[in-house]
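Remarks on the structure that follows.
Everything numeric here is computed off the predicted structure, so don't read it as measured data. Just so you know, these numbers use all the heavy atoms, side chains as well, and skip hydrogens, waters and symmetry mates.
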Amino acid sequence: MRLLRVGPVGAERPAVLDGDGVLRDLSGVIPDVDPAFLAGGGLAAIPAGLPVLDPDGLRIGPPVARIGKIVCIGLNYHDHAAEIGAAAPGEPVVFMKAADTVAGPYDDVLIPRGSAKTDWEVELAVVISRSAAYLESAERAADHIAGYAVAHDVSERAFQLERGGQWDKGKNCATFNPLGPWLVTADDVPDPQNLGLRLRVNGEARQTGSTKDMIFGVYEIVRYLSQFMTLHPGDVINTGTPAGVALGQPEPKPYLRPGDVVELEIDGLGRQRQTFRAA
């Protein structure tokens with residue numbers, strides 16, 4: 001099932017794409033695609049007779065409302081670690097992004113003031129359905145996943161790596177986490193470790209990878225994180241990016257500038273497209 005939220009910023013309403021790709025209004029069935037909805041088990045099936053929505057000119061927002069936290073995994077692809085000269089980590093590298101970094105998949109992304117090294121990262125996002133704490137095995141993690149989405153973990157590398165402290169300054173700028181277009185429920189993603197990821201900048205292919213190359217798989221990431229924090233319904237996990245980021249390119253590195261257009265996609269999860277603007 002492909003769930004989404006449509007409408008102006010702050011006034012999105014729930015919708016679903018049916019099996020024929022027709023956009024239908026869910027607002028008469030559920031209040032929103034939010035933690036309460038996910039914790040309640042979501043929808044078993046698309047109800048009959050839902051009103052059809054005209055997609056022309058209709059903004060698509062983030063597919064999940066009221067996200068509690070975004071937990072991110074760094075250096076989680078073998079090829080990405082190699083391209084920036086880092087050793088493969090022995091345990092997942094964990095950092096956080098604030099929920100207010102989330103934007104819609106086609107919204108503009110703002111390059112921060114003073115930025116010279118804004119970078120792209122296509123990532124598989126995992127959305128939690130049930131509270132998870134101290135999970136005993138990776139296999140149990142599957143029961144705590146509502147579904148998957150495309151995430152763009154935009155990063156400012158100078159803020160992240162050259163300004164002291166942890167990575168937070170380079171990860172939490174406004175609009176730095178476009179999400180969507182859909183939340184694809186877990187039953188429609190039979191193997192999250194067999195998904196292709198692609199990203200283009202101004203039409204030029206920059207990232208082409210597969211979740212097969214993850215150092216730590218999706219279920220192990222959920223298990224691991226549950227040892228250190230409680231994961232709640234509606235929490236999002238960004239699971240890392242494959243090779244091809246600007247940081248890993250030879251000088252002069254092709255960091256993003258105002259007017260650049262980034263397009264990204266993951267097999268079965270949809271596509272995003274953002275124009276980058278000056279903040």
Roughly how far, to the nearest 0.5 Å, is CG of Leu17 from CZ of Arg2?
4.5 Å

Would you call Leu269 and Val184 a side-chain contact if the rule is heavy atoms closer than 4.5 Å?
yes

Measuring only between side-chain heavy atoms, which start at C-beta, is Thr185 closer than 4.5 Å to Leu43?
no

Can you find a side-chain donor-acceptor pair between Ser115 and Glu156 that sits under 3.5 Å?
yes

Quick check: do Pro192 and Tyr148 have side-chain heavy atoms less than 4.5 Å from each other?
yes

Candidate pair Glu162 and Lys169, rule salt bridge (Lys or Arg N to Asp or Glu O under 4.0 Å), full reasoning
CA-CA 10 Å; Glu162 301 171 19; Lys169 293 190 290 291; over 6 Å; no

Counting distance only, does the side-chain N/O of Thr241 pair as donor-acceptor with the main-chain N or O of Val122 below 3.5 Å?
yes

Here's a test for you: under side-chain contact (heavy atoms from CB on, under 4.5 Å), which of Val245, Asp260, Thr118, Asp119 qualifies with Tyr255?
Asp119

When Val102, Asn177, Leu183 are each screened for side-chain contact (heavy atoms from CB on, under 4.5 Å) with Pro62, the one that passes is Val102

Is there a continuous path of hydrophobic side-chain contacts, each under 4.5 Å between heavy atoms, that joins Tyr219 to Ile215?
yes

If we ignore hydrogens and angles and just use 3.5 Å, is the side chain of Lys253 paired with the main-chain N or O of Gln249 as donor and acceptor?
yes

So with a 6.0 Å cut-off around CD of Glu136, is the heavy-atom count from everything else above 12?
no

Please name the residue in the list Arg66, Lys69, Lys97, Arg130 that meets the salt bridge (charged side-chain N to carboxylate O under 4.0 Å, His left out) test with Asp235.
Lys69

Identify whether the distance between the nearest side-chain nitrogen and carboxylate oxygen of Arg59 and Glu12 falls below 4.0 Å.
yes

Flag yes if Ile60 and Val9 sit in one hydrophobic cluster, no otherwise; membership is Ile, Leu, Val, Met, Phe, Trp, Tyr, and two members link when side-chain heavy atoms are under 4.5 Å apart.
no

If you round to the nearest 0.5 Å, how far is CG of Asn238 from CG of Asn76?
11.5 Å

With rounding to the nearest 0.5 Å, note down the distance linking CD in Glu265 to CG in Leu199.
9.5 Å

Using the rule that two of Ile, Leu, Val, Met, Phe, Trp, Tyr join whenever any of their side-chain heavy atoms come within less than 4.5 Å, decide whether Ile73 and Met96 are in one cluster.
yes

Can you tell me if Glu204 uses its side chain to pair, donor with acceptor, with the backbone of Arg200 under 3.5 Å?
no

Under 3.5 Å, is there a donor-acceptor pair linking the side chains of Tyr224 and Glu91?
yes

Polar side-chain atom of Thr230 near backbone of Ala133 as donor-acceptor pair, under 3.5 Å
no

Will you find, in the side chains of His152 and Gln274, an N or O donor that is under 3.5 Å from an N or O acceptor?
yes

Closer than 3.5 angstrom, by distance alone: can the side chain of Ser155 be matched with the main-chain N or O of Asp153 as a donor-acceptor pair?
yes

